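Every heavy atom of this structure was used, including side-chain atoms; hydrogens, water molecules and symmetry mates were not. Owing to the predicted nature of the structure, the values given are computational and were not obtained by experimental measurement. Here is how names work: the chains are called A, B, and so on, in the same order as the sequence lines, proteins then strands, and each is numbered from 1.
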Protein chains: 2
Amino acid sequence: MAFVEPLITKMQSIGALDDKDRALIETLAVNPKRLTPQEYLLHQGDHPTNSVIVLSGVLARFQELPEGDRQVVSFHLPGEMPDLHSLFIGHMDHSLVAITEAVVGQVPHDELRRVVRESATLMGLLWRETLIDAAIFRQWIANNGRRGALAGTAHLLCELMLRARSIGGLRSDGSWPMPFTQQQLGDALGLSLVHINRTLKTLREANVAVIERGVLRVLDWDELKRIAGFDPAYLHLKS
Amino acid sequence: MAFVEPLITKMQSIGALDDKDRALIETLAVNPKRLTPQEYLLHQGDHPTNSVIVLSGVLARFQELPEGDRQVVSFHLPGEMPDLHSLFIGHMDHSLVAITEAVVGQVPHDELRRVVRESATLMGLLWRETLIDAAIFRQWIANNGRRGALAGTAHLLCELMLRARSIGGLRSDGSWPMPFTQQQLGDALGLSLVHINRTLKTLREANVAVIERGVLRVLDWDELKRIAGFDPAYLHLKS
DNA sequence: CGTGTTTTTGAGCCGTGTCAACGATAGTGG
DNA sequence: CCACTATCGTTGACACGGCTCAAAAACACG
């Protein structure tokens, strides 16, 4: 029961749950699993028979490209279900790995199908979660495509801050313990390690956003959003 | 009834339909609408109350970025539902426009909800379609990110050829009447018009793929796939 | 305190963008 | 059927953003 708390929080951040739906979620058989940093949960090519809920920590999905490069396609905070899509498309076209120490809850596909069958609301919310996932992908296409390095980086930082805030992940001073290395950020933005470093330096020297000892602090929200051309509507958060 | 034929073809290209499901699809109220090239069907910011099926022609979705640039996030061939996501996320974070002359069938969200409620198979297939959409987005993130101009372009051509083939859109000689301008391809791949032109020239001079008078012909499939690092699994086509 | 990882910086190069012009093609009206 | 026009494709010259290589500094951990 406590296991599904992050999922309930997440569902409520993107929609409304009544008592019946909440009770139904709590009937899910959730099998917890602890992950160490860099540990793979799924490999490209796998055909999983369950999906996972991130209970704590941060995960990432990425593709390995022929020349050995990595393309990170998403980051996942507690409450999210990074491989919910495997419910309807069996083949994994990417890998799923823990960024930090993490705990995930494994839920058999049959269990999810049962919940989806019994509650139109939960079906809608789970479907909705995969659609928001897709909306984020669209922004990342733009981050990697038409937005330049500075705008793309700023956009990613905006997004992560809002997503972290929506699940109550910010510190009381509004900063966020961002767990990514600059290499991982570069792999998400299609930038080299050296260049993401210089881009972050630009943001730092403009007093817009600072990362110190792994903690991200946004000093000038309006300016960060302006640089990014950021419109939060695509995250479809209620707040 | 004839209106939903492309949708049935599409559904069968990514899954199985029985007679009952086919009959259910044919009960959908489909309101056809004719579009001229460049005509907008939906604008960024809209809140549509129906989704559309592409009946003929090709559509594209794109975001307008602050500096006036465009990021194309997807192309849509007959049978696809380019704004199916609006069933569960109301706000459009991008625009939908006709590339060619096209006919779409408008289906009210209520109608889709009815079908989803009545058939678990169709719910699964429609959800699956949005998930394949997302899988394509992931590849486009890589196209715009870690893949270079040549590999990204080759990857997009591979994808389009397979998608066109899966709905019977190729000519008998295996070529495909590709309706995009080089500007539009560039907007999809995050490349300038000049550079996409040079990239296509490279493919042409290597006798890998040629676009003549708007018709794409792949001369050396293996080589094109090799350049792209293409693995078709993410399209989840049955054939 | 030592070792491995991550961040930072410099120097030089290369892929891709920009600017500009011309050529090819298709559609339009006389 | 041809001239006219608009759009699209092609090419060259040059600039610049971002990459690579390399090394040092800062940090994390045992």
Side-chain angles (χ1 to χ4, degrees), chain A residues 36-38 58 60 65 67-72 98-101 143-154 156-157 177-205 209-217 227, chain B residues 36-39 58 60 65 67-72 97-101 143-154 156-157 177-205 209-217 227:
Chain A
T36 57
Q38 319 309 326
V58 177
L65 300 181
E67 317 77 37
D69 293 323
R70 285 184 169 191
Q71 176 70 56
V72 171
I99 296 283
T100 62
E101 288 225 337
N143 283 348
N144 283 287
R146 282 272 180 257
R147 288 198 258 262
L150 188 62
T153 302
L156 179 60
L157 295 184
M178 195 202 58
F180 311 114
T181 65
Q182 295 185 5
Q183 180 67 66
Q184 290 164 339
L185 291 175
D187 286 342
L189 290 161
L191 298 175
S192 70
L193 168 58
V194 170
H195 202 68
I196 186 84
N197 180 282
R198 294 194 160 111
T199 305
L200 291 173
K201 182 185 183 185
T202 302
L203 290 172
R204 186 191 326 133
E205 291 182 340
V210 189
I211 301 174
E212 291 176 313
R213 269 180 291 277
V215 175
L216 169 62
R217 188 148 7 103
I227 293 170
Chain B
T36 57
Q38 318 310 327
E39 184 175 349
V58 177
L65 300 181
E67 317 78 36
D69 293 324
R70 285 183 170 192
Q71 176 69 58
V72 172
V97 67
I99 295 283
T100 63
E101 288 225 336
N143 283 348
N144 284 288
R146 282 274 180 255
R147 287 198 258 262
L150 187 62
T153 302
L156 178 59
L157 295 184
M178 196 202 59
F180 311 113
T181 65
Q182 294 186 3
Q183 180 67 67
Q184 290 163 339
L185 291 176
D187 286 343
L189 290 162
L191 297 175
S192 69
L193 170 57
V194 171
H195 203 68
I196 186 87
N197 181 285
R198 293 195 162 112
T199 304
L200 291 174
K201 182 183 182 187
T202 302
L203 289 172
R204 187 191 325 132
E205 291 182 340
V210 189
I211 301 174
E212 292 177 313
R213 269 180 291 278
V215 176
L216 169 62
R217 189 150 7 104
I227 293 170

Problem set entry | Separation between CG of B:Asp187 and CD of B:Gln182, rounded to the nearest 0.5 Å |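 Here the rounded value is 12.0 Å.
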How close do [X] and [Y] get, heavy atom to heavy atom, and via which atoms?
X	Y	answer
B:Ile99	B:Pro179	CG2-O, 3.6 Å
A:Thr153	A:Leu203	CG2-CD1, 4.2 Å
A:Arg146	B:Asp69	CD-CB, 3.7 Å

Please check: side-chain N/O of [X] versus main-chain N/O of [Y], any donor-acceptor pairing under 3.5 Å?
X	Y	answer
B:Arg70	B:Ala188	no
B:Glu205	B:Thr202	no
B:Gln71	B:Gly190	no
B:Thr36	B:Glu39	no

Protein-nucleotide distance ([X], atom [atom1]; [N], atom [atom2]), rounded to Å:
X	N	atom1	atom2	result
B:Gln184	D:dG9	CD	C1'	13 Å
B:Arg198	D:dG12	CZ	P	8 Å
A:Glu205	C:dT8	CD	P	11 Å
A:His195	D:dG17	NE2	P	9 Å
B:Arg204	D:dT10	CZ	C1'	8 Å
B:Glu212	C:dA26	CD	P	12 Å
B:Leu193	C:dA21	CG	P	16 Å
A:Asn144	C:dT16	CG	P	14 Å

Exercise. Which nucleotide sits closest to the side chain of A:Gln182: D:dT10, D:dA22, C:dT7?
Worked result: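 My answer, after comparing the listed nucleotides, is C:dT7.
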Exercise. What's the closest nucleotide to the A:Thr181 side chain, out of D:dG18, C:dT7, C:dA20?
Worked result: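 So the side chain of A:Thr181 is nearest to C:dT7.
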Problem set entry | Rounded (10°) bend between the five-pair end axes of the helix from C:dC1-D:dG30 to C:dG30-D:dC1 |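 Inter-axis angle at the ends, rounded: 50°.
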Select base, sugar-phosphate, or nothing to describe what [X] touches, counting heavy atoms under 4.0 Å on all strands.
X	value
A:Gly190	sugar-phosphate
A:Ser192	base
A:Gly152	nothing
A:Arg146	nothing
A:Leu191	sugar-phosphate

Under 4.0 Å from OP1 or OP2 of [N]: is there any side-chain N or O of [X] that close?
X	N	value
A:Arg213	D:dA28	no
A:Gln183	C:dT6	no
B:Asn197	D:dT10	yes
B:Lys201	D:dT10	no

For this session: Return the 5'-most residue of the pair A:Thr199, B:Gln38 with respect to DNA chain D, ranking by each residue's nearest nucleotide.
Result: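 Comparing both residues, the 5'-ward one is B:Gln38.
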